[in-house]
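Sharing a structure below in structure tokens format, with a few things to ask.
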Number of protein chains: 2
Amino acid sequence: MVNIKQIAKQAGVSVTTVSRVLNHHPYVSEDKRLRVQQVIEQNSYTPNSQAISLIRGKTRTVGLILPFSHHPYYHAIIAGVMEEAYQYGYHVLLCQTSYNPDQEREYLHMLSTRQVDGVISCSRVLPWAEFQSYSESGPIVVCEYTEESNLSAVYTDHYDAFCSGIQYLLDRGYTRIGYCVGRKTSASSQARFRAYQNTLHAAGLEVYSEWIFPDCIHMSDGEQIAKQIAEMDKPPSALIVTGDEAAAGVMLGARQYGLRIPDQLAIIGYDNQPISAGLQLTTIDQNLQEIGRQAFSLFYERSLDPTLTSAKRLIPYTLIERSSV
Amino acid sequence: MVNIKQIAKQAGVSVTTVSRVLNHHPYVSEDKRLRVQQVIEQNSYTPNSQAISLIRGKTRTVGLILPFSHHPYYHAIIAGVMEEAYQYGYHVLLCQTSYNPDQEREYLHMLSTRQVDGVISCSRVLPWAEFQSYSESGPIVVCEYTEESNLSAVYTDHYDAFCSGIQYLLDRGYTRIGYCVGRKTSASSQARFRAYQNTLHAAGLEVYSEWIFPDCIHMSDGEQIAKQIAEMDKPPSALIVTGDEAAAGVMLGARQYGLRIPDQLAIIGYDNQPISAGLQLTTIDQNLQEIGRQAFSLFYERSLDPTLTSAKRLIPYTLIERSSV
DNA sequence: GTGAAAGCGCTAACAC
DNA sequence: GTGTTAGCGCTTTCAC
């Protein structure tokens, strides 16, 4: 592997001059510049970016932390982050945690080791305090709501979005409303539960815990839930499913187990994924790709100017009306 | 940012000793080892991995080059690569090309700049010669068939897989067989065309070019094709669609435009994605996740032992029978 | 057992 | 305009 010293020698100049040519500095005579460029060409020399990162203290890389990579939810965010990162010439390092706190810590740790300039987290399992402590080493952006200072956040108002979904169903005369979420313990699931309680109480309706289905993430989960509903004595007549893939599973399961949609079961999905368009699924678009884009730009701004304080960005959602309600 | 020198000073030892402790070398007295570890703890010091990479000449990172990141095909490969990389403590750098040759070249270039130890490519647009030239800087694995020396390859026998799909349809009495592919110019599409021609000719059937649909990648493409088929005077009675999402689009479109499946249109998908299970779609599983896993391990082996010659790995496919045929 | 010192490949004062 | 030189943070001979 040829290095700058050899180039300098071969061109009969100092390494400084080579460095100047490389970095398009002024004050290099035209003939030397040409000579150096020629030698660089001949050797197809390219500077070692490790060395440059070491000096500059920057890697132009951001770590993207997510629990797993086989779900369209995360793909949408990845796509958004990548799109923006590409524009600014940044790289994205994928960091899969499988919800393992040690793994998550290790990735956060890359901030301290300067392997990445910053971190975007889509799946926090560690306590906020620990995130805070790492934030000294570089900008951290989380894709969920937080009050924590020092942490930038890009998030959907899950409470509000859920309320509007339920209200949409209430407005259309549905009173037996249930919902499906992923991990019950997540902050967004808790916000949704509050939204559910409050909106139903306000409408004078009772809350049935049997109509709340947790651990509904993949298509197969949705299918199982459709089966359960088909067998219930007192089934819900409408369902909000947080994730279009799972919602698609419910639709397909409903078909299998003889439930007509939307007559016997109305469904609202989440995320406006391609599959929802295909199935004519009414869905709440929380604009995941935009969340990814904004997350990157929040990281980017603080990376350029470390004096910047953390920012919080609320991303608006939209209810896309189709024919599953 | 505290460094090794400060730790050494604070512990009253040399940097060498600190380094030895860090790297679990023998020949460090127990008391010094403890003293150093304590100081490291106190300062929550972590070595700068840029510096280590610079010295070792290794980054423990592999670049994963793909055209775009919003398609389940690539997600399956990503998941496979990540799974294996995680096991060996490697990182994955996502490199999106959008089929742009300059972009692709730039990523290959990271090999020369030592930003990554190797590269896995899922989407070659540059000529083989250019890939070859970069292979001097580190192991390159491509996820397609190639004879090129120096390039490792993990691939499906697309010709064979397609033949078996067509034969499956022939065996069930279908004679009006068509197919959908993504980019017509890709090597796999060409192999499929040969498979199509040869298998049909062998069966004494004619090839209708109107039954070949290119640019069928997303769900919406599939829907459009279903529409076209519904409007054809002489429509195919069976279709192989290379990609389950697109195949799902065809199914949904068929439903919309009044084609019964499989009576009026039989469909075989590709990749055995979750959606195919949901829709009871018969599909050819080319085991994408395994392709990703093997691609990483091929990279890994050569990265450890650069004297190793390039390897080629054929990944077997499986036809998964469900009810769309 | 331990430390001094060279050096990985590069940039950026600082001199000339 | 150009070159010398001192690091960036670490590992690794090579003495002692």
Side-chain angles (χ1 to χ4, degrees), chain A residues 1-37 39-40 43-61 109-117 137-138 306, chain B residues 1-37 39-40 43-61 109-117 137-138 306:
Chain A
M1 195 94 288
V2 47
N3 62 22
I4 197 173
K5 218 164 158 185
Q6 297 167 37
I7 298 292
K9 193 173 170 191
Q10 212 174 316
V13 299
S14 71
V15 291
T16 310
T17 302
V18 177
S19 175
R20 287 203 179 103
V21 172
L22 249 25
N23 296 284
H24 309 292
H25 274 289
Y27 306 131
V28 184
S29 66
E30 206 45 33
D31 62 325
K32 292 208 175 179
R33 157 163 281 125
L34 285 170
R35 198 144 28 111
V36 169
Q37 277 169 340
V39 176
I40 288 178
N43 293 272
S44 52
Y45 161 77
T46 61
N48 180 320
S49 49
Q50 300 295 328
I52 298 177
S53 296
L54 178 57
I55 288 191
R56 295 218 208 283
K58 291 274 176 190
T59 60
R60 294 189 78 79
T61 300
H109 201 219
M110 296 190 316
L111 261 181
S112 325
T113 63
R114 315 271 74 216
Q115 270 187 94
V116 293
D117 293 346
S137 312
Chain B
M1 193 95 291
V2 46
N3 62 22
I4 198 173
K5 217 164 158 184
Q6 298 167 37
I7 299 293
K9 193 173 171 189
Q10 212 174 315
V13 298
S14 71
V15 291
T16 311
T17 302
V18 177
S19 174
R20 287 202 178 103
V21 173
L22 249 24
N23 296 283
H24 309 292
H25 274 290
Y27 306 129
V28 183
S29 66
E30 207 44 34
D31 62 324
K32 292 208 175 176
R33 155 162 283 126
L34 285 169
R35 195 138 36 101
V36 169
Q37 277 169 339
V39 176
I40 288 178
N43 292 272
S44 52
Y45 161 76
T46 60
N48 180 320
S49 49
Q50 299 297 326
I52 298 178
S53 295
L54 179 57
I55 288 192
R56 296 218 206 282
K58 292 274 177 190
T59 60
R60 294 189 78 81
T61 300
H109 201 217
M110 296 190 316
L111 261 182
S112 325
T113 63
R114 315 272 75 216
Q115 271 188 91
V116 293
D117 292 346
S137 313

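A note on names: the letters A, B, ... follow the listed sequences, proteins ahead of strands, and every chain is numbered from 1. As the structure is a prediction and not an experimental result, all values here were calculated from the model.
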Q) Which one, C/dT11, D/dT2, C/dC10, comes nearest to the side chain of A/R56? A)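 So the side chain of A/R56 is nearest to C/dT11.
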**Q.** Distance in angstrom units between B/I40 CD1 and D/dC10 P, rounded
**A.**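 Taking atom P of D/dC10 as the reference, CD1 of B/I40 is at 10 Å.
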Q: To the nearest 0.5 Å, tell me how far A/Q37 CD sits from A/L22 CG.
A: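 Reported to 0.5 Å precision, the distance equals 9.5 Å.
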(Q) Students often get this wrong, so: under 4.0 angstrom with heavy atoms, is B/L54 touching a base, only sugar-phosphate, or nothing? (A) base
(Q) Can you see whether A/T17 engages A/S14 through a side-chain donor-acceptor pair at a distance of less than 3.5 angstrom? (A)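 A donor-acceptor contact under 3.5 Å links the two side chains.
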**Q.** Integer-rounded Å distance: D/dC10 C1' and B/K58 NZ
**A.**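 Whole-Å distance recorded here is 18 Å.
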Q | the helix from C/dG1-D/dC16 to C/dC16-D/dG1: angle between end helix axes, five pairs per end, rounded to 10 degrees | A | 40°
(Q) Which nucleotide wins on minimum distance to the side chain of A/I55, given the candidates D/dC10, D/dG3, D/dG7? (A) D/dG7
Q: Whole angstrom is fine here: how far is it from CG in A/L34 over to P in D/dT2?
A: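 Atom-to-atom, A/L34 to D/dT2, this comes out as 12 Å.
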**Q.** Pairwise side-chain contact, B/S137 with B/R114, heavy-atom cut-off 4.5 Å (strictly under)
**A.** yes
Q. What parts of residues 19-30 of chain A reach DNA chain D, counting only heavy atoms under 4.0 Å away?
A.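 Output list: A/R20, A/Y27, A/V28, A/S29.
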Q.
Is A/N48 close enough to C/dG9 that one of its side-chain N or O atoms is under 4.0 Å from OP1 or OP2 there?
A. no
Q: Round to the nearest Å and state the distance from A/I4 atom CD1 to C/dC10 atom P.
A: 5 Å
Q. For A/L34, does its backbone N or O pair with a side-chain atom of A/D31 as donor and acceptor, under 3.5 Å?
A.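 No; judged by distance alone, with no hydrogens or angles, the pair does not exist.
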Q: Look at the side chain of B/N23 and the backbone N and O of B/H25, then say whether any donor-acceptor pair between them is shorter than 3.5 Å.
A: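 Checking the backbone N and O of B/H25 against the side chain of B/N23, no donor-acceptor pair under 3.5 Å is found.
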(Q) Treating B/S49 as the side-chain partner and A/T113 as the backbone partner, does any N or O pair qualify as donor plus acceptor under 3.5 Å? (A)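 Yes, the answer is positive, given that a donor and an acceptor are paired below the 3.5 Å cut-off.
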Q.
Classify B/K32 by what it touches in the nucleic acid, base, sugar-phosphate, or nothing, heavy-atom distance under 4.0 Å.
A. sugar-phosphate
Q. Taking DNA chain C as the partner, which of residues 6-18 of chain A come within under 4.0 angstrom of it by heavy atom?
A. A/T16
